[in-house]
Each structure stands twice: as structure tokens, then as C-alpha cells.
Amino acid sequence: MLDRVTTVENAVRQYVQSAQTIMVGGFGRGGVPFTTVKFIADHANEYRNLTLIKNDANEPGIGIDALFRQGQVNRLIATHIGLNPEFIRRMNDGEVECELIPQGIFAEKIRAGGAGIPAILTDIGLGTEVEAGKRKFELNGRTLLVEEALRGDVALIRADRADRAGNAWWRGSNRNMCVVMGTACKRVIVEANEIVDVGTLTPENIHLPSVFVDAVVPAGPLPHGDANAA
Amino acid sequence: MLDRVTTVENAVRQYVQSAQTIMVGGFGRGGVPFTTVKFIADHANEYRNLTLIKNDANEPGIGIDALFRQGQVNRLIATHIGLNPEFIRRMNDGEVECELIPQGIFAEKIRAGGAGIPAILTDIGLGTEVEAGKRKFELNGRTLLVEEALRGDVALIRADRADRAGNAWWRGSNRNMCVVMGTACKRVIVEANEIVDVGTLTPENIHLPSVFVDAVVPAGPLPHGDANAA
Amino acid sequence: MPRELTVNERTLLARAAREVRHGMVVNLGIGLPQFLPGYIPDGVDVSFHSENGFVGMGKGDIEGTPDSDVIDAGGRACQVVKGAAFFDSLMSFAIVRGGNLDLAVLGAFEVGVNGDLANWKIPGKLTPGMGGGMELAQKANHVLVISHHLDKRGRGKLVGQCSLPLTAPKCVGTLVTERAVFRRLEGRMTLVSAHPDHGKNGALEGIDADVPVADSLENWEGAK
Amino acid sequence: MPRELTVNERTLLARAAREVRHGMVVNLGIGLPQFLPGYIPDGVDVSFHSENGFVGMGKGDIEGTPDSDVIDAGGRACQVVKGAAFFDSLMSFAIVRGGNLDLAVLGAFEVGVNGDLANWKIPGKLTPGMGGGMELAQKANHVLVISHHLDKRGRGKLVGQCSLPLTAPKCVGTLVTERAVFRRLEGRMTLVSAHPDHGKNGALEGIDADVPVADSLENWEGAK
């Protein structure tokens, strides 16, 4: 097995560039790659015009919020932004675009991207604003929406445990969108709370197999503040 | 958590009937619910006109082969039948219908059924016999096939370990189609090599959550013969 | 959370808890629904589903020590019971859309008499995103909306037609307020029970719509 | 398996093994491809993918004790190396279709000069089903076919146009036989190397088609 452990600096410099589409794991705090995101925020001039795909916009002052604050992001694709009123203000002021997608369909579109499925047909969102602008298909007398696959250039995800080859495992509710994002991008950087030797993880219990992973980097501490805050 | 442990007899009598569509786990021997299938074969007059959805047709004399031999099955949906020449003979003689689907799309159609996705669009099989009779859809200049979801009345799967509520875990390559089939049927019978108390399995490492499962039954021994035979 | 519940809230939560049956898989929306577990009688064994990735959520502040790696969909640290399973967002919504979520308990801005639900967006004012709400509303086997009977301007939450963007059309099965229970019968939210303090008139107060009324109202306390 | 390999088979396996690069994720079809691991040089670290549900398959009979709960796609008990991961069929084919399988090594009944592959069905004779073969052929980043140069009737496996039902059109990247290596260049399978015992003429023998020949042939042994 290849050894994919490196530093966050090396990983970001090698794989992340301006104008990319970047998937960022996490729901609330769990799974958010705070360490990798901080490096990108700390080098704001080098990483700009990004499109982010993330469940939520974090909260003001936390996680990807810094990237919005510093004008590094042109567009966010998300499911829920309610905990970041500053992001909502920027969106309303036209500083950043935002596309909102129902959460399960958001996950399915990413899965389709990772699994080589160009699109799915779904009834989710019929009769709501979600229909707007979407192509439709009649199947067995039902009208369905065509939801196209999403792919990214880079996935940034945070695991609880990863081996040096990139096999990764999540605790509790931290897994959320991390695994599926890890399947859907050309490059995948896993920051891990704990990096273990190859052979340590039980093969049946690996959530994301190493074949998807390009770099494993040590995760720094979680940001300060209320640990419960999303 | 509900206690779902019962006998194979009770489970089959409660959930299985003639003329149903039944998904059967397994690839080779791993994951094949030999115990449950044997009960259905031993009561051949009570369970007839079945449609089976299974990766393969097992080998002559093993697993679901008994159901074909006894004329209990009208139709098989599978990916590969090459290890059962007797099944192929029956198919060629018109005793049983067979639909063959590329293996990953077979899994995806079942997943779609389980995940409430009416259909997927795929390029797998374009330019081959698989195209025949399928609806097509043009997306971004590509022609795609519409592959509709598959659902079943009952799923029969064999796990290595299950807790009394139905949470299940598979060893090695035994998982194969078992988990996805467990999501895609109205009723799910899990036969388990080992039945453990609720709380024994690590929640992060459960492959099939108990919410899908209706009955947990003890698995009998594997059939005799070459343990490697599919 | 945590906050003090009002008398009205406690009344509607107690009534709503009677809608929860033994063995159900239940998702709780953010807000009032999160308080529901405290009102479910002992012996009614329910599996709580959290759409960010597990079933078997513990009863919030009621039992156990919160674990910051186990958050509910509102971001609140909680914990799991024995027999819980963690999974990713894909499996979580497969459970919802595939028909394995028995009950979604949601809040509402408006419920239409036809069962339409609006609870995710107030144009120009509140644009939080739908999160998993649309799928919960559209795909749970039963949708129970719990809500104050009247909005801040004294208008009933049950309306002739929703004016706000829909979360999902014709999805609400039951609406429980502190005054009334409405069930969607023959496609229309029908008054089936009134709180004894309010009676039928109070149960229809503030509702500017033609609401069907069941021939005989269910007893508030003894309702199945 | 196990069976004795012929000299020709050993020759083509040794040559095919040179197509495998350090770090690749490789799927091996049933039959001759299953013998390939024994020919991969030490130091070339490859992850073998088995489409029934894992990466990190051990090198078959070569190392370790077979485990009957770890079968390859041909039903043969094998074992895994450190760093292996087991998963289900969904994840397995997500790897294939999503672009994370670097190389599929497959057998063939026929390979068309345009790269078409037929290896799953002989109408009226052999109808085993395609299994995972169509996806492997269509979606691996590179498809390496290994095959005897001639079929039992002395006709080249490389043909002007496949007469059998296709596994996938225009999918073969490289064809290695005991006599020749062909690569798909500008859409056509092109002779790029000939075994020194056979030379260019022997490499084209039995092939009833117009096969392009590279301007300078690669050295058989030293090919990259």
C-alpha cells in the first residue's frame, strides 16, 4: 500500500488551486476539515474564485466562513445556510452565489458523480421551488426531475481515524457527507484526528477505502467555541 | 429496540408467499441465505411462481438451484449464471425466464429501489445488447439509458453477525449484494451465523441498520462441498 | 434549547406524543419537535432517526451524557441508545425516501387545508435552505406537524391555501396544536379533536378557511 | 486453477505484467488474468480490486492461507493484504465507474481493430451473463486484454470487426499475446511490439484485418 501521509501545506499546494470546485465535508462541526480549510484561508491570495460544495455554510467565524469573509468563494452549493446570517447577508448583497438543494438529493448528486452515474430521476421537490429550471422525464405515468451528478476537483474531509494508505473511519455522526464526497473528486485530502499504521483498521469497518484518497494529513485541534455549535 | 429474533419457519411463514418477488443475497457462497432458502425448498408446494433477484444462480445442487429444480421459480433477474449449466438448460428449454443485467447496474437498480429513486441514467451497456428495449435520454449531448429501480417483496440475506434488533455485519467478501437488498424490500429476513445482544455491535461498524430488518433467524451450517465453490 | 416551555407548548406536546406508536422510526424536526421525546410514555419503544446519520438517538437532555461527536440535525450534542447505528447521509436519506421512516414530526409556518406544508422559507425574510425538510415532509410514511394554533398575528396556522413557498404539497397527515387535532381525511385537514378548554369553536378560531369537522370528535386525552 | 501454464501463457503473462505500474488499482478477470500477480516484479506495489467487494486482494496461491470468507470474483478463496478494505457491490462498482480503477486485465474471444471487446457471450453456445465485465471493460481507466494470439482454429483474436456480441465498444487500450503487443493509437489497435521469436510477420499472422504498425517497434523485454 502506498504511504499517503504528508503535511497539510504539501497536500494543499499540490492539489488545490484557484477556480476549482471543492467539496468540503461536515454537518455542523463533525467531519469539517478545519485544518485544511484554515490553510486555504491563511493563503487567501493564492486560492480564489472557488466553488464550494458543502452541506452548510458553518457559523460566522468558524470553518469555511473565513473563505466567504475573504472573498475567496464565488459560489456555494449547499442544503442549509441558516446558521450563518453573515453568509446570508453576503448572498443577498450579491457577493456570493448560492444554490440550495434538498439534503438527500445533494448527497445523491454527489454519489452519482462518484459512482459514474450521469444523473438520477427523482420526485423530491415536485410541486416546490426546487422544480424551477430542471428538466423533467415522464416514467410510468409519473413526472420526475432530472438531477445531474456533481463532481469536484478536490474533496477536503476530516476523519476520526485514517491509516497511512488513506483508509478512513468516522466516529458517531461525523461521517455525514465525508465518505460520499471522498468518492466524487479527482483529488481527496483526508485530515485525520488519528493516523495509524496500515493494517490497524479492520478491513470490514473501513468507511472510505484508500483507493479514493490522495493525501492523509494530521488534523489540528477543533476551533474554540461551543462544541455543540454547528 | 424491538427484539426481532425468531425461527426460520416463523419468519418464512409470516413474510414469504407464492408469486412474490424475492431478493436473495450472495455472490458465490458468501451471503447466501442457505437456511432460509432450504426451508422454502423443503416446502415447495407452498412457495411457487416466484420471481428471484439474485446475482447468480448458484451451482447445481446448491442454494437456490433447488428452487429451479422444483419448478418454484418463474423468473430470475441476475448478472451471471455461468456456474449453473442446469439452470442454463432450463432457461434454454423455456422452463424459467432469465434477465441478465450488468452487475454494478444490478446493484444500482436495487439501491434505487431501496433509496426511493425511481430510476437512474447510465451509459453502461451502450453499444451492446443491454441497450435493447430500454428507454433513452439525451443529456448534455450524451445518450443515456434509463434504468428503473428494482424492489422486492422480501429480501433473504445471510449475515455473519446480527444483533437481536436486526443490526447486521458481514465478514470479508460476504457483504456483496446483501446490504443493498436489505434496503429494497418490504420485508427483510436476516439469517445470521452469530446472533448477539443489542449493544454488542459498534454502532459505527454496522453495515445494515435494524430499521430495515423484520426478522433475525439463526443460520444453519453451510452446505457440504468445496467451500470455494460459488 | 434548553428553554422553558409554555403551558400551550406542553399541552400540544403531550397530545402529539399520543400519535407516536410502539416500534416506530421517528424523525424530529428542529424546534418544538425536539422536546417530544420527554412526553412519550414509558414502554413505547421508539427509534429516533437523525438525518445527519443515525438511528437510535437518545432522548436528548433526558438521559445520558451528551457526546460532541453525536449531534442531532440541529447541531445539538446528544447520545445514542443500545442498538443504535451510525451511517452516512446517503443511507440516512435512503431510509427516509425508501419508506422506512414511519413518522416525521415537523414544525410549520402554514399548513394548507389540503395538507400542503410551508415551513422552510419566508421570501425576503428567512432563507435558511430546506436542509432535509423537503424529503422528510414528502417521504415519511406519516407527517405529524406540531405547532402553536395561532401565529404571532393571531391567525391560524391552518390556512385555506399556503401563501409561502411549499416544503411539500399534500404531505401533512396530522396537525396537532394546543387546541385541536386535524387529520387529512379524503384529502382535507379535518378537525377530529378539540381541547376541552377550547371546544370546537376555539379549535377553529383564527382559521380563515373551510375546515371539515368529523361527525364525532375524539376525546382529547383518550385519543388512540 | 491451479493448472499448469503453457510456455505461451507464461510468455504473455510476463509481458503483460510490464504494463502494470506502481500504485495502480487493478482488477483481474477470470482465467489467465488471475495468474498475472505472480509475474509482477517485486517493488511494484499494486492494489488488486475484486468486484464482489474489496481492494487489497493477496496474490492468490502465492501468499498466505486462503480464507473461505474472502473469495475473488471467480469464487476462489483468497486472502487480503494489510491495508485492504472490504465493501459491498455498490462501492465496488462505484470505484469502477467513477474512474478509480486504473487497470482492468481481461480475457477476450475477439478484439476488434477499433478496440471493441467481445468476451461474454457466444450466442447459442455460451450464455453465462456479463457479470461485472461490461463495466470493467467500459469504465476502467485502461483495459488490458491478454489472450492467446490465435484461437483454436488458428485465427487471430484481433479481428477486423467483432462478430460476437460486444462487452463494450472501443474499450481495449492494450492487447498482449504471446507474440505481440497492440495499443489503441488514434482509434486503432496498432502493433507496437513483436516477440523476437515471431517478429513482425508472426505478430500479424492469422489476423485477417488491416492492422496499423508503429514506425518503430518497442523492444519486447525492455518495453516501458
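Reckoned from all heavy atoms, side chains included, excluding hydrogens, waters and symmetry mates. Numbers restart at 1 for each chain; the letters A, B, ... are given by sequence-line order, proteins then strands.
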Do the non-hydrogen side-chain atoms of [X] and [Y] ever get within less than 4.5 Å of each other?
X: D:Asp69; Y: A:Glu204; result: no
X: D:Leu90; Y: A:Arg111; result: yes
X: A:His207; Y: D:Phe87; result: no

Open item on the list: Is it the case that over 12 heavy atoms from other parts of the model lie below 6.0 angstrom from the CD atom of D:Gln161?
Closed with: no
- [ ] Could you check which of A:Asn205, A:Leu208, A:Ile206 has the highest count of heavy-atom pairs closer than 4.5 Å to chain D?
- [x] A:Ile206
- [ ] Measure D:His22 against the heavy atoms of chain A and call it side chain, backbone, both or neither at under 4.5 Å.
- [x] side chain
Open item on the list: Ignoring hydrogens, what is the shortest heavy-atom contact between A:Pro203 and D:Ala84? Give both atom names and the distance.
Closed with: CB-O, 3.4 Å
TODO: Check each atom of A:Leu2 against the heavy atoms of chain D and say whether the ones under 4.5 Å are side chain, backbone, both or neither.
DONE: both
Open item on the list: With a 4.5 angstrom heavy-atom cut-off, is it the side chain or the backbone of A:Val179 that approaches chain D, or both, or neither?
Closed with: side chain
TODO: For chain A, find its close neighbours in residues 92-105 of chain D: heavy-atom separation under 4.5 Å, sorted by number, or none.
DONE: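 Residues of residues 92-105 of chain D touching chain A at under 4.5 Å: D:Ala94, D:Ile95, D:Arg97, D:Gly98, D:Asn100.
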Open item on the list: Would you compute the distance between atom NZ of D:Lys82 and atom CZ of A:Arg164 and round it to the nearest 0.5 angstrom?
Closed with: 13.5 Å
